[in-house]
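These notes are about the structure you will find just below.
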Amino acid sequence: MNNERTLSQATWDFFCSLKLAMALLLSLAVTSIIGTVIPQGNLAPQYLESIGQTKFRLYQALGFFDMYHSWWFVLLLAALSVNLFACSLKRLPQIWKVMSNPTLTLDEGLKKSLSTLATLKVPGSAAALKEQVAALLSAQFAAPRITEKDGSFHLYAEKTPWCRLAVYVVHLSILVIFAGAMVGSLFGFKGYVTIPEGESATSIVLRNNKPHDLGFAVSCDKFSVSFYDTGAPKEFKSILSVSENGRPVPGFQKVPIIVNDPLTYNGITFYQSSYGKVGQHSFTVSSPDGGNAVRLEIPSDGAAQLPDGSEVHVLESTQEVGQFKPGLSGPAALLEMHTPSGQSLRTLVYANYPELNRQAARSAGHPLFGYLGGNEKMYTGLQVNHDPGVGIVWLGCLLMIVGVYVAFFMSHRRVWVEVKDGEIVVAGSANKNPAGFELRFNRLVKQIEGELAPGEGK
Amino acid sequence: MTSSLLFNVTTIAYLASMLAFFAYLASRVEKLGLLGSLTALTGLILQTGAIGLRWRESYQMGVGHAPLSNLYESVVFFSWTIVLIYLLLDLRYRYRVIGAFVMPFALLGMTWAQLALQSGIEPLVPALQSNWLLYHVVTCFLGYAAFAVACGISIMYLVRDAAGAAPAGGVLASFPPVKVLDDLNYRAIMVGFPLLTLGIVTGAAWANYAWGTYWSWDPKETWSLIVWFVYAAFLHARITRGWVGRRAAWLSVIGFAATIFCYLGVNLFLSGLHSYGR
């Protein structure tokens with residue numbers, strides 16, 4: 001029985017201890033490094049080859065490829081939560097007692113424990129002095145509570161006692177943030193959708209590759225991208241409209257969204273994330289002399305195969321080549337070819353200049369291409385999120401910031417005054433920044449002295 | 001007058017300030033310490049002007065944005081925040097000699113930026129076109145700067161502590177007592193920690209607003225959290241028996257090393273969402 005008691009007591013003490021808090025914080029700091037060095041999530045085959053089988057199996061077993069969700073990392077976070085909770089629970093009653101049931105009288109023991117202390121000889125009776133000091137404290141510090149004990153009066157005044165709770169607010173805020181993150185992962189979703197210009201989508205693809213029905217339709221009326229003169233991208237913009245049951249939703253028509261300015265409907269938010277082209281280009285392919293001509297369709301986002309095994313894809317296309325090649329006009333496409341032998345080459349294919357196409361084929365020794373034109377559209381890639389936990393996370397962040405500020409920059413300041421006939425003793429303490437409090441305390445004592453004993457104690 | 005010229009003058013002012021502090025350290029002539037502080041203040045004013053000028057120049061180029069968008073601009077701003085935090089600490093606590101251990105950080109930043117980094121004004125990529133840029137970068141760097149000052153103070157602590165109880169005179173005699181250094185270290189981190197917290201929160205808010213995810217374990221995010229963990233450990237160390245003093249000073253130095261890795265190492269060695277900081 002006794003042993004059990006000690007064991008549970010020891011376990012409780014362990015979870016309340018500061019040493020555990022230190023160990024957990026430092027362990028979290030050190031282990032977090034792993035996931036910034038080892039790639040997380042979807043791994044590139046080149047990377048897997050570079051580390052070899054043994055390392056791969058080891059990393060896999062230790063959860064290093066998704067370490068922030070691995071059992072041991074989650075366990076560390078859970079232990080931190082228990083630690084926060086336990087030590088707050090252990091210390092709160094003491095703090096509560098200091099706050100709700102303060103020591104109202106300045107007895108000898110308290111005097112000995114306080115270093116900021118002043119004794120003043122002043123004329124007057126205790127009862128009269130008490131009133132004066134109380135009025136002065138109310139004006140200069142805080143309204144005192146007055147207790148009479150053994151013929152003398154004890155005044156107690158305090159400022160911001162609640163700031164002792166700030167540390168626990170910070171601890172609580174971490175638990176609130178964790179709770180918000182959990183709500184988000186249990187009841188929210190993250191996904192992705194691509195919508196070609198002029199089309200609409202009613203479902204998205206979640207991170208686990210499962211489809212998710214939105215319950216409404218989003219259409220991309222237009223997508224545009226603009227560049228700075230330097231060639232760096234300036235703005236990606238989608239014009240989106242929402243309709244429900246086939247009817248356009250008022251207020252959600254032709255809404256422009258750009259990076260840093262998303263659209264939210266029904267708690268689901270659409271973020272501009274990527275873009276590209278869909279559609280296809282048509283070509284004729286023949287031997288360099290023009291024989292064996294066949295039609296070839298190349299999708300915008302893929303490649304087509306030639307009879308000799310080469311792969312061809314379209315790098316760029318234009319309806320008017322004159323802006324790049326002065327003097328020429330009409331459509332053109334830039335092709336890239338990868339031959340089975342590992343060669344790769346690029347060629348510009350025109351719609352209106354078969355002779356130029358023939359020259360290119362002859363000089364580079366590749367098949368003869370002719371461009372018949374393309375039918376392609378821009379599509380917009382949208383990140384789609386629903387996270388009902390975000391509000392809780394922000395609440396946690398707010399608590400943390402306010403808590404940290406109060407915990408560092410405010411202190412519980414207390415002043416006791418013992419008033420006897422002809423003598424008063426002033427004492428004070430602050431739970432933080434003792435040097436700053438001492439200056440304030442000395443000023444207060446000066447004020448009391450000046451008020452009660454003018455001309456004396458100079 | 002161009003901002004670039006003014007940044008060069010700033011660099012020279014910081015060099016002069018550092019040398020004055022070194023001379024003060026060696027000679028203990030009070031006037032040299034005052035000279036160090038005043039030169040640092042002059043440098044800070046010049047640099048403030050230069051940053052404002054660069055801001056205006058970007059508008060004249062038609063790509064107007066706060067000068068906080070690439071590595072050069074951030075290093076310059078980092079130097080500015082270090083000197084600002086140091087001077088505030090100096091104003092409040094008046095331990096001039098700390099300047100000898102803090103100004104080198106500011107000088108190093110300015111020298112590196114002026115000599116080795118691309119200083120051209122670039123237009124903002126879409127991801128950075130947001131007011132959050134200002135709040136996020138300013139809070140983070142003020143926090144980093146406070147940690148830089150704390151690191152300088154901790155180095156002083158460790159040097160002073162290693163020298164033993166009785167300073168033999170000379171350079172060490174001008175150091176504040178270890179108790180004071182320990183306290184100043186705590187005070188600098190007390191300023192830095194809330195700012196870092198605010199920096200992480202504004203970063204999360206921005207990420208949520210722009211990408212829909214407030215936290216994605218991106219290397220930059222993770223490293224900022226690592227820094228936060230280290231300083232959280234530091235703050236708890238102060239109330240843990242056996243961790244006050246030397247160990248706390250070491251934690252402060254390690255914390256600043258992690259800060260520097262978070263700021264520079266992540267961009268130079270790891271890939272992620274903050275790639276524009278290269």
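The chains referred to below are lettered A, B, ... by the order of the sequence lines, with proteins before strands, and numbering in each begins at 1.
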**Prompt:** So what's closer than 4.5 Å to chain A heavy atoms on Tyr231(B): side chain, backbone, both or neither?
**Reply:** neither
**Item:** Thr269(A) portion near chain B, given a 4.5 angstrom heavy-atom threshold
**Value:** neither
**Message:** Please check this pair: side chain of Tyr271(A) against backbone of Thr213(B), looking for a donor-acceptor N/O pair closer than 3.5 Å.
**Reply:** no
**Prompt:** Counting distance only, does the side-chain N/O of Gln129(B) pair as donor-acceptor with the main-chain N or O of Lys234(A) below 3.5 Å?
**Reply:** yes
**Asked** Do Trp215(B) and Tyr68(A) make the cut of ring centroids closer than 6.0 angstrom?
**Response** no
**Message:** Would you say NZ of Lys190(A) has more than 12 non-hydrogen atoms from neighbouring residues, nucleotides or ligands within 6.0 angstrom?
**Reply:** yes
**Prompt:** Considering all heavy atoms of both residues, which atom of Leu124(B) and which atom of Tyr228(A) are nearest to each other, and what is their separation?
**Reply:** O-OH, 2.7 Å
**Message:** Tell me which of these, Trp228(B), Phe261(B), Trp217(B), has more heavy-atom pairs under 4.5 Å with chain A than the rest.
**Reply:** Trp217(B)
**Asked** Which bit of Phe409(A) is near chain B, if near means a heavy-atom gap under 4.5 Å: side chain, backbone, both or neither?
**Response** side chain
**Prompt:** Looking at CD1 of Ile226(B) and CG of Leu28(A), how far apart are the two atoms once the value is rounded to the nearest 0.5 Å?
**Reply:** 10.0 Å
**Prompt:** At a heavy-atom separation under 4.5 Å, does Ala23(A) approach chain B through its side chain, its backbone, both, or neither?
**Reply:** neither
**Under 4.5 Å from a heavy atom of chain B, the part of Val393(A) involved** = side chain
**Asked** Considering all heavy atoms of both residues, which atom of Ala233(B) and which atom of Leu26(A) are nearest to each other, and what is their separation?
**Response** CB-CD2, 3.8 Å
**Asked** Considering only heavy atoms, which portion of Leu24(A) lies under 4.5 Å from any heavy atom of chain B: side chain, backbone, both, or neither?
**Response** neither
**Item:** Heavy-atom proximity to chain A below 4.5 Å, by part of Leu251(B)
**Value:** side chain
**Request:** Give the minimum heavy-atom separation between Tyr209(B) and Asp261(A), together with the two atoms involved.
**Result:** OH-OD1, 3.4 Å
**Request:** Heavy-atom distances under 4.5 Å only: say whether Ile254(B) touches chain A with side chain, backbone, both or neither.
**Result:** neither
**Asked** chain B heavy atoms under 4.5 Å from Phe408(A): which part of the residue, side chain, backbone, both or neither?
**Response** both
**Prompt:** Any chance the side chains of Asn260(A) and Trp132(B) put a donor and an acceptor closer than 3.5 Å?
**Reply:** no
**Asked** What part of Glu235(A) gets closer than 4.5 Å to chain B, counting heavy atoms only: side chain, backbone, both or neither?
**Response** backbone
